[in-house]
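Heads up, the thing below is written out as structure tokens.
In what follows, every chain begins at residue 1, and chains take the letters A, B, ... in the order their sequences are listed.
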Amino acid sequence: MRIADKFQELSEKGEGALIVYVTAGDPSLFLTKNIVKALEEAGADMIELGLPFSDPIADGPTIQAASERALKAGMNPDVYFKMTKEIREYTDVPLICLTYYNLVLQRGIGRFMRDCVESGINGIIIPDLPIEEAGQTLSEANKNGVDVILLIAPTSTEERMKIISSAAHGFVYLVSLLGVTGAREELSVIVKDLIGKVRRVAKRKVPIAVGFGLSSPNHVREVIRSGADGAIVGSAIVNIIAKNKGEEEKMLREIRGFVAQLKEATLFDG
Amino acid sequence: MYVNRYPREGKFERYGGQFVPEVLMSALEELEHAYTKFRDDPGFRKELDAYLREFAGRPTPLFFAKQLSNKLGVKIYLKREDLVHGGAHKLNNTLGQALLAKKMHKERVIAETGAGQHGLATAIAAVALGLKPEIYMGAVDMERQRLNVFRMKLLGAKVHPVESGSKTLKDAINEALRDWVTNVETTYYLLGSVVGPHPYPMIVRDFQRIIGMETKEQILEKEGRLPDAMIACVGGGSNAIGMFYDFLDDDVSMYGIEAGGEGIETGKHAAPLVAGTEGVLHGAFSYVLQDKYGQISTTHSISAGLDYPGVGPEHSFLKIKERIKYDYVTDDEALDAFKLLTETEGIMPALESAHAIAYACKMAEEMTEEEIIVINLSGRGDKDVMIVAEKMGIKI
């Protein structure tokens, strides 16, 4: 299912989208498939699968550590696409690749996008690729039908918000705070204003999903109530994985429980 | 045909650019705007010139190394950046950028450091200009450069150990970028080399250009002609670009020397221009040491200041244009050069600069007594004596 269709389906049902992130290959190549299964079963609407990079400058300590674990476990783009292809066989949720630009560049932008399509990936997020440098990536992705999900930050000017929201595919990834990824206790107070601002300046209607710092059902509820179409939770789930590295059953159980709560919070009457 | 023509739209042809998180894009724009405004402002220039002259100790001498020249059979001149306050060329840049930070009303200044020289120069400039410095330094580098860590602390800098990745310069830059992403509205990121996203490679180059400008005047005065060759070491490449820039349109051969570590064939080196491939690291497209997937490699050099898997984008551009020849020398050759200069001239070079000296020794074999080589002696070697002692098997 395509990302746009998913947002459409959810909005008809009166739900926000729960988008979750895990790093592929963390803590092991084998476990990722079971983790993805658990995420889907518990109600995740879309899944971001991180392809780890050695120098992730947009990520805080939690995802940095996950990247290191995954790289140590042998994750690389060849393994990644093989794995996502297998995952695609038993799941229908939109899959989104999150990675850094150098990995896309070294594989060849066209080849990377073709690999995405062939392995069932619907969208791609590249946090270190601003719109100015994204020309070739956008055209190769369009050619192959992969959505390039672009980020808008609290520091983005209105002019940039306009340009980014009109170039974005799938959804706009609204960064909720100044900072790197990582679970926070409090949700940034500026989220509501930001969502309103993007809606106002965007030339067309594009779904907005809010990420960075969201760590609880309350955060998800607040983001959806503030008018976002989706909420993105990453580090809080990665923390569960890190905490239960040796105990698969417990890990999967905790993930299921947590994600179910998060999903519950995306229901408008929830 | 090179000077003042690049960067264009943030790039040196295909090299450079701004590969950074969206959060930073407006900050980079603000920085470029402020820099282009103050660059040509007479008041700013005057203030900076005064600091460079009376605080940093510029102009630095161009010293004719008579005894080394006799030994090698070629005329060797040393540009004495080791005499700049703080012990290296780094202060040229940190004074310029710290003054810019002040004009931009950013009180908190962050910086990364490898050997500690840039951290030290940042701390010095920050104290001089009344700013609050915080320095990111890899835990491994903190261990091997303990003295510089203590110096920075004496100057009132907060030093943050970086425990991620290889715990060296590359990781310190990652962490400084993460700090900047978080505190972008109050903080100035004072980058130490001609690397990173535009406009940093341009800003740092411009503040280091003074090395070459002085050298040109000095060599013309002493020799009545330009040198035949110029040599500088290249880590990120700030001392090299500063030295070379004003000679790029002249008939002078130039050599940028990277860290060959234990030898290119061993894989334990830090020579992206010699043995790397094109890629994106720390916000710029340039040569980089990486595996076939694009994961950044860990590097090795006896000199912490050269121990970096990337290089400034303008160097990649000048390599492709074949305007500068990039080559390497090994740890052992640099160490021999350290001893040679110390013994023949009474000057202890930084291990970084010793790479340039070592290359001059090799080049001299092909040159005549009338020919002139200018070497950028980018820093002094006091900080390295512990490492040298250890390599010589001596316990202090």
- Query: Taking only heavy atoms into account, what residues of residues 104-114 of chain B are found under 4.5 Å from chain A?
  - Reply: none

- Query: Side chains of Met25(B) and Thr155(A): closer than 4.5 Å at any heavy-atom pair?
  - Reply: no

- Message: I'd like to know whether CD of Glu29(B) has more than 12 heavy-atom contacts from other residues, nucleotides or ligands below 6.0 angstrom.
- Response: no

- Assess whether atom CD of Glu186(A) is packed by more than 12 heavy atoms of other residues, nucleotides or ligands within 6.0 Å. no

- Message: Is any side-chain heavy atom of Asn102(A) closer than 4.5 Å to one of Ile296(B)?
- Response: yes

- Message: Is it the case that atom NZ in Lys243(A) sees more than 12 heavy atoms from other parts of the structure closer than 6.0 Å?
- Response: yes

- Side chain from CB out, backbone as N, CA, C, O: work out which of these in Glu163(B) comes under 4.5 Å of a heavy atom of chain A, or both, or neither. neither

- What part of Phe53(A) gets closer than 4.5 Å to chain B, counting heavy atoms only: side chain, backbone, both or neither? both

- Turns out that what part of Leu177(B) lies under 4.5 Å from chain A's heavy atoms comes down to side chain

- Message: Using side chain to side chain donor-acceptor pair (under 3.5 Å), reason through Gln290(B) and Gln106(A) one step at a time and then give a plain yes or no.
- Response: CA-CA 10 Å; Gln290(B) 58 188 334; Gln106(A) 297 310 321; 3.3 Å; yes

- Residue pair Leu178(A) / Val184(B), side-chain heavy-atom distance below 4.5 Å: yes

- Going by residue number, which parts of residues 307-318 of chain B are within reach of chain A, meaning a heavy-atom gap below 4.5 Å? none

- Message: Can you confirm whether Asp55(A) sits close enough to Gln295(B) that some side-chain heavy atom of one is under 4.5 Å from a side-chain heavy atom of the other?
- Response: no

- Query: Do Asp78(A) and Tyr293(B) have side chains that get closer than 4.5 Å, going by heavy atoms?
  - Reply: yes

- Under the side-chain contact (heavy atoms from CB on, under 4.5 Å) test, residues paired with Ala231(A) that sit two or more places apart: Leu214(A), Val220(A), Val223(A), Ile224(A)

- chain B heavy atoms under 4.5 Å from Leu105(A): which part of the residue, side chain, backbone, both or neither? side chain

- Query: Can you find a pair of side-chain heavy atoms, one from Glu22(B) and one from Leu150(A), that are under 4.5 Å apart?
  - Reply: no

- Note on the structure: With chain A, the option among Gly165(B), Pro197(B), Pro21(B) that has the most non-hydrogen atom pairs under 4.5 Å is Pro21(B)

- Note on the structure: In this structure, OG of Ser54(A) is separated from CG of Leu281(B) (nearest 0.5 Å) by 8.0 Å

- Could you tell me whether Glu185(B) atom CD has more than 12 heavy atoms of other residues or ligands within 6.0 Å of it? no

- Query: Which atoms of Ile126(A) come close to chain B, meaning under 4.5 Å heavy atom to heavy atom: side chain ones, backbone ones, both, or neither?
  - Reply: neither

- Residue part contacting chain B, namely of Leu71(A), when any heavy atom lies under 4.5 Å: side chain

- Pro130(A) versus chain B, heavy atoms under 4.5 Å apart: side chain, backbone, both or neither? both

- Query: So which part of Glu175(B) gets closer than 4.5 Å to some heavy atom of chain A, the side chain, the backbone, both or neither?
  - Reply: side chain

- For chain A, which residues from residues 267-275 of chain B lie under 4.5 Å away (heavy-atom distances)? none

- Heavy-atom count around Lys103(B) NZ within 6.0 Å, excluding the residue itself: above 12? yes

- Message: As an exercise: rank Ser297(B), Gly283(B), Gly279(B) by heavy-atom pairs under 4.5 Å with chain A and give me the winner.
- Response: Gly279(B)

- Measure the shortest side-chain to side-chain distance between Lys292(B) and Arg107(A) over non-hydrogen atoms and say whether it is less than 4.5 angstrom. no

- Within a strict 4.5 Å, meaning less than it, do heavy atoms of the Arg178(B) and Pro61(A) side chains meet? no

